[in-house]
Amino acid sequence: MQKSLLKLYGAGVLTCLISVSALAQEDELMLSEAARYPLDSKDEEAPGFAGRIVQARKNSGLTATIARGNAHLSGRLLDPLTGDPYLNLVATTESEVVVGGDWEGTTAVAPDGTFVEEGVVNYSSDDIGFPIQDGSFTDLEEFEDKFFPGLPGSDDDELSFYSNGQNFSVELVGFLELPAGETVIGVRHDDAVEIAFHPNDARDLFRVQARGSDTNSGKADRTVRVTAPVAGLYAVRVMMAQWTGDATLEFFSQDENGNRVLINDPESEGALKFWRSTKGERRPFVAAVSPPVNDTGVERDTAISVTLMNLGEEVPVLKVNGQQVEYVVSEAGAAKTLTYQPAESFGSGQTVSLELTYGAATSKWSFVSKSGRKALLITGGGQLNAGDGWVAQRLAEKFGFDVEVVADNAVVIEDADGAALVYNSSTVNSGGPADVDFEELAIPLINVESANTDDFLMYDAGRGQGNGPASGHDTIIITDVEHPISAGIEPGEQIFATARTQYHAADPPVNSTVIAWAPDNETRSGLFAIDAGADILGDDGEEVIFTHPGRRVYFGFAGNDGAANFTEIGVKLFDQVVAWALSTKVETPFVATGIDYQGTTNRTVVTWTSQPGESFSISESVDLVTWIELDDGVEAEGESTSYSANIEGPVRYYRASKQ
């Protein structure tokens, strides 16, 4: 059984080593000793969790993703009706209904949404905010479910009537006391959820996800096996983003027999303890960066800034493109912001790599400078989940796009002005872009959300709009190897993702080309193409009701977190989808990829990237000045080509040239 393995190295560098099959019931997280706070640093006067909860109006139509939850909690989620952050509708200690004694909840929160949970996390809610007794710990087992703090919230911005249990995000942070060795922890949740660790503070922007679900997956259990090298306190954050309907959140540990105990349960012997603060000096954490992580279309003369909390007198090291740089420091309350202004502008479409060392952590991120070529990416709430983030970065780095991200509930047709491509993510609420006539545009459209195939006229009315999620798959069935999108991939079942994902499949129209079927349904496709000029048929199967003015691709395999877990096959399909939609060719960089000296035969094998049909000449030199041709007309062997040459003398240089 393969698992996802993450390591927090001693220096705090956060690295994903391998991400594979979701057949694994639990992921693994290995903590470093550098991430440990000593046991005697726990503040015994501060047991439990530091929490925060925010809620939007009932009709806000928010999506259930980790990105939305984080944006909502940080105040970056904007209400399209006002252009400002959503008003927080939870019941606070200043709410009139609370002050007047008319509120039926149990724990009003502070005006900023913060609260303290000294006991266990065993919350549930129906759609009007009242507990439903669901999960592993209910009143039947003498664990009565609690209200989520601050719920029920107000139905609308008038703050007059409190029966809202929807569209909220909640976080719980602090320090988990772990013994040395392996411990399984987990959550039961509904909807999106994340358990994250960080060497310094779990509020850090670069916290590492140990376990999560980045979609509206319904009620589910997620566990992770955590290995602590030394007993101590480790910074943890649990975040859940709720959409509509019921909500559940339990935080527990689990023994080898599957028995569960709520964390911080005073009645259970052996229950893990959680502390909302430590004694002594706290390590710094990154609260914000600008430009944002993985941003694209960034002005080429932009300044780079990092805002840290708890910095104290420490002097962090900032590197830009591998070079340490000098920065200026400004202060605002407890926050310190480091700002670096490059002496020269970045190049067009340049990927700028950044690295910051602070406390016990080293965090790395990047952005892409402006190229002047726009792609429109429609996502749930205008936020990027892991899959959407990968898509945005690939469109920027591989195809040179400035990716403009627009919220599904705010997008209008004018957003596509000047764009060369529209990409509709599966994270959208289908009602968002449904009323926008993107099908009328002559520019290419890539749609990943099956519920929008009717809105974009990517189905025949007579056949119906058969669509839906194809759950738990990491394979696709390639059926058309002649179409350019298949890129020469062998027909039959292919592994497109390193983890099973709930991608979307849809019924293709007659005048489309199916490149791949879903493995569990031979009538629904996860990848089909509609060429410009293709007709869409009406109820009788003959009448033409629409003719597409531009190329369209339905790419359900990239749905939810699929794109974030693409294998080489998945990446190749994505690149070919975009290239075909744009009527261009995927360009492979012409670079050397390997050299192998074979001492027994005194020969060396050089390897470089290539494309089928190309040919090369091979030359050698002893001084990089004078070159002697060794061979001419070397045919490409595919996407990689090699040449074997005899070694004479102490030094030889080799050069492959396209003919």
Side-chain angles (χ1 to χ4, degrees), residues 18 347 349-351 353 390 393-401 475-476 478-498 515-516 527 529 557 563 565-659:
I18 186 169
Q350 179 182 351
T351 298
S353 300
W390 186 92
Q393 198 72 2
R394 190 70 176 178
L395 289 175
E397 294 184 345
K398 181 72 175 180
F399 295 95
F401 278 117
T475 62
I476 56 177
I478 299 291
T479 185
D480 189 319
V481 296
E482 299 299 326
H483 196 282
I485 287 178
S486 65
I489 298 171
E490 293 294 323
E493 190 168 15
Q494 297 288 346
I495 299 174
F496 78 95
T498 58
I515 290 92
L527 177 54
F557 294 132
N565 295 290
F566 274 157
T567 61
E568 182 178 347
I569 293 289
V571 173
K572 181 181 291 187
L573 284 171
F574 179 88
D575 289 348
Q576 295 293 345
V577 162
V578 176
W580 181 82
L582 295 170
S583 302
T584 62
K585 179 182 177 182
V586 174
E587 297 293 337
T588 300
F590 181 37
V591 294
T593 57
I595 184 166
D596 180 23
Y597 174 63
Q598 300 172 343
T600 56
T601 60
N602 202 35
R603 297 185 71 81
T604 188
V605 178
V606 291
T607 305
W608 62 93
T609 57
S610 60
Q611 289 289 329
E614 294 177 338
S615 63
F616 305 87
S617 65
I618 309 299
S619 304
E620 72 172 4
S621 174
V622 296
D623 57 8
L624 294 177
V625 176
T626 302
W627 291 90
I628 300 173
E629 186 176 90
L630 298 178
D631 206 342
D632 189 15
V634 176
E635 299 297 328
E637 299 168 353
E639 295 185 0
S640 180
T641 299
S642 298
Y643 183 84
S644 175
N646 186 51
I647 292 290
E648 295 181 1
V651 177
R652 282 292 187 276
Y653 300 96
Y654 295 92
R655 180 175 68 187
S657 303
K658 284 186 183 181
Q659 294 184 314

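Below, each value reflects all heavy atoms present in this structure, side chains not excepted, and no hydrogens, waters or symmetry copies.
- Distance alone, capped at 3.5 Å, is enough to place a donor-acceptor pair between the T498 side chain and the N565 backbone.
- One distance of note links NZ of K658 with OG of S615; it measures 10.5 Å at 0.5 Å rounding.
- Closest heavy-atom contact between A529 and H483: CB-NE2, 3.9 Å.
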query: Hey, mind stepping through D631 and F616 against side-chain contact (heavy atoms from CB on, under 4.5 Å) and telling me if it holds?
result: CA-CA 8 Å; D631 206 342; F616 305 87; over 6 Å; no
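- Among residues two or more places apart in sequence or in another chain, the ring pair (Phe, Tyr, Trp, His ring centres under 6.0 Å) test is passed with Y643 by none.
- Between the side chain of S621 and the backbone N or O of T626 there is at least one donor-acceptor pair closer than 3.5 Å.
- Within the 3.5 Å criterion, the main-chain N or O of A636 finds no donor-acceptor partner in the side chain of T641.
- Between A487 and Q576, the shortest heavy-atom contact is CB-CG, 3.2 Å.
- Note: F574 and W390 have perpendicular aromatic rings, judged against thresholds of 30 and 60 degrees for the angle between ring planes.
- The two residues R394 and D575 come nearest to each other via the heavy atoms NH2-OD2, 2.6 Å.
- Separating the CD1 atom in I628 from the CZ atom in R655 is a distance of 11.5 Å, to the nearest 0.5 Å.
- Rounding to the nearest 0.5 Å places CD1 of I478 at 7.5 Å from CD1 of I569.
- A tilted orientation is assigned to the rings of F496 and F557, their planes being inclined by 30° to 60°.
- Taking all atoms of both residues into account, the shortest heavy-atom contact from V481 to S486 is O-OG, 3.1 Å.
- In this structure, the side chains of L527 and L573 come closer than 4.5 Å at one or more pairs of heavy atoms.
- In this structure a side-chain-to-backbone donor-acceptor pair under 3.5 Å is present from T567 to I495.
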